[in-house]
Every structure is written in C-alpha cells, then in structure tokens.
Undergrad: 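Structure incoming, see below.
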Amino acid sequence: MDVQNLIDGENVPATCGRSFDKLRPTDGGLLCRVSRSGADEADAAVAAARSAQAGWAARTPVERGELVREIALSLQARRKEAAEIVADETGKSMELALGETDAAVEMGFFVAGEGRRLYGRTTTSAMPNRTVLATRRPVGVAALIVSFNTPLPNYAWKAFPAVLCGNAAVLKPSEYTPASAAFFGRLANEVLPPGVLNLVHGLGAETGPPLVDSPYVDLVSFTGSAATGRWIQERAGQRLAKVCLELGGKNALVVCDDADLDRAVESSLASAFSNAGQRCAAASRLIAFDSVYEEFRDRLLEGARSYETGPVISEESLERILAALGDARVLTGGERLDRPGWWLAATVVEDVPADAELSCTELFGPVTILYRARDLDEAIAVVNDSPYGLTSAIHTASLHRAMRFADAVQAGVVVVNGGTHGSEPHMGFGGVKQSGTGWREAGVEALDVYTDWKYVNLIADPART
Ligand code: NAD
C-alpha cells in the first residue's frame, strides 16, 4: 500500500516519487510506503489551504459545525475499520484503538456543537452610547503538527476545532502513523471543500520546517516533544507567528498512607503502562509515603509482571529507552522481549535521585520510577521537582490532603483517587512549565487557539433617532 499526500482534495505522491517505509511495531514488518514530502509539497498544501480559507470562513459557523459532525458520524460508522488501522500501525490493542476512535468521534460531536455557540462577549464602556462586541475570527491557515501516540484523537483535537473556527489547515501527522492520518483525511475530504484540510506526510525534520517557516502559515499548533516544540517556538518566533505547543510530561502519582491501595495500584498500572507508556499523561513517577512504600511496591510489581504493555513505536524508541535506563536499579522489566518488533516489558525502577537525568527526562515508554516521601509536604516537593507540569494524581481518603495537593502541585491537571490520564473532549487539557506554553486544547479553551479576538465598537447617536 502507498500512502500519499492530500492536497486541494486530491491524493498526490511526493514529487520525484520519494517515499519512506512505515514498519509495524508488533513484528517490524513493512506496513506501507509513504510519501516523503519536503518544501515543495508543504508549500503546495499551504497554497491550497490559503486559497480555500476565505471561502470556508465565509460559511456560517453553524454550517461548518454540521460538516464537522458529518465527519464524526462517518468515523463512527467506520470505527472498526479505523481502529484496525490504528492497531496495526501503532501495535496497540484493538480495545485501546476502539476507545481512541470513539474519543475522536466524541471530540467531533463536541466541536460541532460549538458551531451553534462560538460565543463572543459584549462589554460596557466608559463612553456613553458605545457598545463593544468581542467576536471570534479565524486565524487563517493553520499547520497542525502532531505526535503518533493516540493518532485519531490527536488529529481530532486539532483538525476539528481548526476548521470549525473557519481556518484552513495542513495536517502533518507523525511519520509513525501515516495510515490512520490518510484514513482521517479521506473521511474529511468526502465532506469538506477541497483545500480546507490538507495532509502532508513525511519525516519530521524534512516536512515540518517548511510548514513552520512558511509566511503563509498564520498558526502552528504542535503536539509532541519539548525538544521539537522548543525548536518550533524559536523558528516561528522569528516571524512572530501564533504558536500553540502541547508538550511532554513526567507526571507523578502520589500514594498517601490513607490511600485505598488496591485502587492506587490499579491506577498506577494503567497510568504507567497502558499504551506502552506512550502517553503525555503517563505516570512515570510514583511517590509513596514511607509507611506504605513496601506494600505498594510489592503489589505494583505483581501487577507489572503480568501487564501486557504492547510494543513501543519504533526500534529507535526502544533503544533510546533502554539506553536511558543505564545502570538504574530495575525491579522488573528493563529488557527487550525476545520476539520480533519493539517490545519492552512493564518496567519499574527505584532508588533514582530526584535530580538524576532519568528522573527529569520523559522516556515515553512503559517505565515508571518509585520514590519515597515522609509526608505530604515532601511528596509535593518531589512532584514539583520536575521540568514538566502536565498531569498529576493523589490517592488519599482525606479531602484536606487532596485539596492541599490540588492547590500546591504545579500541573495543568490534578486527579484525586484516579490515574494521571483520562481527559474528555469538553475538558481543557495542557500543562505548565515545559509541558506547554499556556494554551489548553480540547474544551472551549481550544477556541482560543484557533481564533483571534476582534473588538467591534458600535457608537450610536441618540440625537439621530
Ligand atoms: P516529536 O516531537 O518527535 O514529533 C512530533 C511531530 O513533530 C511529528 O509529526 C514529527 O514528524 C514532527 N517533527 C519532528 N521534527 C520536527 C521539526 N523540526 N519541525 C516540525 N515538525 C517536526 O514527538 P513524538 O515522539 O511524535 O511524540 C511524543 C511526544 O509528544 C511526547 O513528548 C509526548 O508527551 C508529547 N505529547 C503531548 C501531548 C499533549 O497534549 N501535551 C499529547 C500527546 C503527545
């Protein structure tokens, strides 16, 4: 199978027929050949978006919302097919892939409803007879650059609000998930006018920069690693483009001495290891109070030893994770499984200093580190001793502890007595510190990314009535 770009409503290969191989994580076999795009293809996609944007923005938000709903309905009708593609290209289970497909559909429904709201504001004025309307306007052309980990929700979180708000877009999916992106593009293309949503495939360092640098791209909305995000911010900053960055995490889950340990273990296992730990919201740090540390650790290890993680996305990813573990004290896992593909068993590590590189680096794999804390103060200090601040969780029976934690922790999301992941379409999501640059995606908060505010001043003259 060949995966091509989608530009101005047409499937087109990369110029000169350049392509790269996409391999299956479960066994390393060839899944498909993918157009390897560079500046020519990126420029063509941006030009298509540019010429489609004004006509698209002229339609009412209600109509745009109806078309977003149509795409979501079509994805819902083909959820099994979509999930099979995702499972195949990422190596995750059908159960996870189906759940993600449904999450992308729900995002479509949520965003579609905004077509009937897209509320602005009116405000009072110090001047008599002046009314001010704050209205949302499209930004223009948006480059949507996303990660591989939950591909369909990643496209849905950006493409749906982008087009609902009247932007035209160029989606640059991860080179590790071209097939799901092509499927999503196909469904969108059956509904949207040509050029409103374009798709360019390619390697990050070749396809991304021309999009980031294009003077015709008004907004770069990026989900991925802090390293790439930093580069994008610097580059797009040169031309003062609007940039939204949703980046990584080194998320912590705290287990207090009054926690329900069964629940804490269950939440920790799912947060650390589901999707092979390839979640921005994964719990890669587990902090247990001294008095329950051993019991929590033993139960966690028992669960980890039988946890089916699934493979990580690539050989490079697996090698990077194993290298990062170095000579850390591994309690379980830590080794490549003896089978084709990129499998790493659920891995638990302890005795890592809080300031060690392993404690501060996001591995994006099925690895979690155990820490001890004397009390809540020390636990909060460990949670906050991180360059990241995306999600966090605490397990406690005490409302007072939960509220103190929620207040003091440096994170964009706090969960009490649950996992570190599990966002929903109507909930704003994003982090502080190096987890992002202050934007929130999903929820109505996403509208702030994909619109600019315009203030319309109406000055009436009562003498002329
Ligand atoms: P990555 O940064 O390697 O790649 C992300 C995207 O950027 C890909 O499409 C890639 O091709 C592209 N890219 C790479 N180099 C580029 C460049 N120079 N210019 C433009 N684009 C470029 O990240 P990844 O490995 O795909 O994803 C994992 C990261 O994503 C983790 O850090 C994870 O925490 C983060 N993530 C964050 C969220 C969130 O909402 N905060 C959600 C999912 C994933």
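Both counts, for ligands and for their atoms, begin at 1 and track the order of listing. Note: hydrogens, waters and symmetry copies are ignored here, and every other heavy atom, side chains too, is used.
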Undergrad: Return the residue, atom name and 0.1 Å-rounded distance of the protein heavy atom closest to atom 33 (C) of ligand 1.
TA: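 For atom 33 (C) of ligand 1, the nearest protein heavy atom is Phe364 CE1, 3.2 Å.
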Undergrad: So that I can tick it off, tell me whether Arg263 and Glu266 are bridged by a salt bridge, with the cut-off set at under 4.0 angstrom between side-chain N and carboxylate O.
TA: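 A salt bridge is absent here (no side-chain N lies under 4.0 Å from a carboxylate O).
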Undergrad: Does some non-hydrogen atom of Phe429 fall short of 4.0 Å from ligand 1?
TA: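 A heavy atom of Phe429 does come that close to ligand 1.
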Undergrad: Would you mind listing which atoms of ligand 1 come within a distance below 4.0 Å of any non-hydrogen atom of Ser174?
TA: 9 (O)
Undergrad: Going by the atom numbers of ligand 1, which of them fall below 4.0 Å from some non-hydrogen atom of Glu362?
TA: 31 (C), 32 (O), 33 (C), 34 (O)
Undergrad: Describe, in one word, how the ring planes of Tyr155 and Phe184 are oriented to each other, choosing from parallel (under 30°), tilted (30 to 60°) and perpendicular (over 60°).
TA: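 Ring orientation of Tyr155 relative to Phe184: tilted.
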Undergrad: Which protein non-hydrogen atom lies closest to atom 11 (O) of ligand 1, naming both residue and atom, and how far is it?
TA: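 The closest heavy atom on the protein side is Glu175 OE1, 2.6 Å.
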Undergrad: Could you tell me, atom by atom, which parts of ligand 1 come under 4.0 Å of a heavy atom of Asn149?
TA: 43 (C), 44 (C)
Undergrad: What residue and atom, counting heavy atoms only, is the protein's closest point to atom 17 (C) of ligand 1, and at what distance?
TA: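 Among all protein heavy atoms, the one nearest atom 17 (C) of ligand 1 is Gly204 O, 3.6 Å.
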Undergrad: Check whether more than 12 heavy atoms from other residues, nucleotides or ligands sit under 6.0 Å from atom OH of Tyr216, and answer yes or no.
TA: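 No, the 6.0 Å shell around OH holds no more than 12 heavy atoms from other groups.
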Undergrad: What's the shortest distance from atom 35 (C) of ligand 1 to any protein heavy atom, and which residue and atom give it?
TA: Gly224 O, 3.2 Å
Undergrad: Looking at atom 27 (O) of ligand 1, tell me if a protein heavy atom falls under 4.0 Å from it.
TA: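 Yes; the ligand atom in question has protein heavy-atom contact below 4.0 Å.
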Undergrad: Counting non-hydrogen protein atoms only, what is the nearest one to atom 36 (N) of ligand 1? Give residue, atom name and distance.
TA: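 For this ligand atom, the closest protein heavy atom is Cys280 CB, 3.5 Å.
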Undergrad: Within a 6.0 Å radius of atom CE on Met403, are there more than 12 heavy atoms belonging to other residues, nucleotides or ligands?
TA: no
Undergrad: Might you confirm whether atom CD of Glu190 has over 12 heavy atoms from other residues, nucleotides or ligands at distances under 6.0 Å?
TA: yes
Undergrad: Give the residue and atom name of whichever protein heavy atom lies nearest to atom 25 (O) of ligand 1, and the separation in Å to one decimal.
TA: Phe148 CE2, 3.5 Å
Undergrad: What protein heavy atom sits nearest atom 12 (C) of ligand 1, and how far off is it?
TA: Ile145 CG2, 3.7 Å
Undergrad: Taking the inter-plane angle between the rings of Tyr307 and Phe273 on a 0 to 90° scale, is it parallel (under 30°), tilted (30 to 60°) or perpendicular (over 60°)?
TA: tilted
Undergrad: For atom 22 (C) of ligand 1, which candidate among Thr228, Thr391, Val212, Thr177 holds the nearest heavy atom?
TA: Thr228
Undergrad: Near Lys172, which atoms of ligand 1 are under 4.0 Å from a heavy atom of that residue?
TA: 9 (O), 10 (C), 11 (O)
Undergrad: Counting only heavy atoms not in Glu315 (residues, nucleotides, ligands), do more than 12 fall under 6.0 Å from its CD?
TA: yes
Undergrad: Could Arg18 and Glu41 be called an ion pair, given the rule that one side-chain N must be under 4.0 Å from one carboxylate O?
TA: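 So Arg18 does not pair with Glu41 through a salt bridge.
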Undergrad: Check this for me - ligand 1, Gly202, N or O atoms closer than 3.5 angstrom, yes or no?
TA: no
Undergrad: Would you call Trp157 a ligand 1 contact, heavy-atom distance under 4.0 Å?
TA: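 Trp157 does not count as a contact of ligand 1 under the 4.0 Å cut-off.
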Undergrad: For Trp231, take its heavy atoms, then give the atoms of ligand 1 lying under 4.0 Å from any of them.
TA: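 So the atoms of ligand 1 that pass are 18 (N), 19 (N).
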Undergrad: For atom CD of Glu335, decide whether the heavy atoms of other residues, nucleotides or ligands shown that lie under 6.0 angstrom number more than 12.
TA: no
Undergrad: Could you tell me whether Phe222 approaches ligand 1 through its side chain, its backbone, both or neither, with non-hydrogen atoms closer than 4.0 Å?
TA: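 Near ligand 1, Phe222 shows its side chain, while the N, CA, C and O stay back.
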Undergrad: Is Val146 in polar range of ligand 1, meaning some N or O pair under 3.5 Å apart?
TA: yes
Undergrad: For residues 418-426, run the donor-acceptor check on the side chains, cut-off 3.5 Å, and write out each pair with its distance to 0.1 Å, sequence neighbours left out.
TA:
residue : atom : partner : partner atom : Å
Thr420  : OG1  : Ala281  : O            : 2.6
Thr420  : OG1  : Ala283  : N            : 3.3

Undergrad: Check this for me - ligand 1, Ser147, N or O atoms closer than 3.5 angstrom, yes or no?
TA: yes
Undergrad: Will you find, in the side chains of Ser268 and Ser271, an N or O donor that is under 3.5 Å from an N or O acceptor?
TA: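 Distance-only check fails for Ser268 and Ser271.
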Undergrad: Are Phe364 and Phe148 near enough that their ring centres are under 6.0 Å apart?
TA: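 Yes; Phe148 has its ring centre under 6.0 Å from that of Phe364.
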Undergrad: Using a strict cut-off of 4.0 Å, indicate which atoms of ligand 1 neighbour a heavy atom of Gly208.
TA: 19 (N), 20 (C), 21 (N)
Undergrad: Using distance alone, with no hydrogens and no angle criterion, decide if Lys158 and Thr223 have a side-chain donor and acceptor under 3.5 Å apart.
TA: yes
Undergrad: Give me the nearest non-hydrogen protein atom to atom 23 (O) of ligand 1 as residue plus atom name, then the distance to 0.1 Å.
TA: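 For atom 23 (O) of ligand 1, the nearest protein heavy atom is Ser225 N, 3.4 Å.
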Undergrad: Should you measure from each heavy atom of Leu247, which atoms of ligand 1 turn up under 4.0 Å away?
TA: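 This gives 34 (O), 37 (C), 38 (C), 39 (C), 41 (N) as the contact atoms.
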Undergrad: Run the numbers for me: atoms of ligand 1, each under 4.0 Å from some heavy atom of Pro173, listed by number.
TA: 9 (O)
Undergrad: Can Gln410 and Tyr388 be counted as having a side-chain donor-acceptor contact under 3.5 angstrom?
TA: no
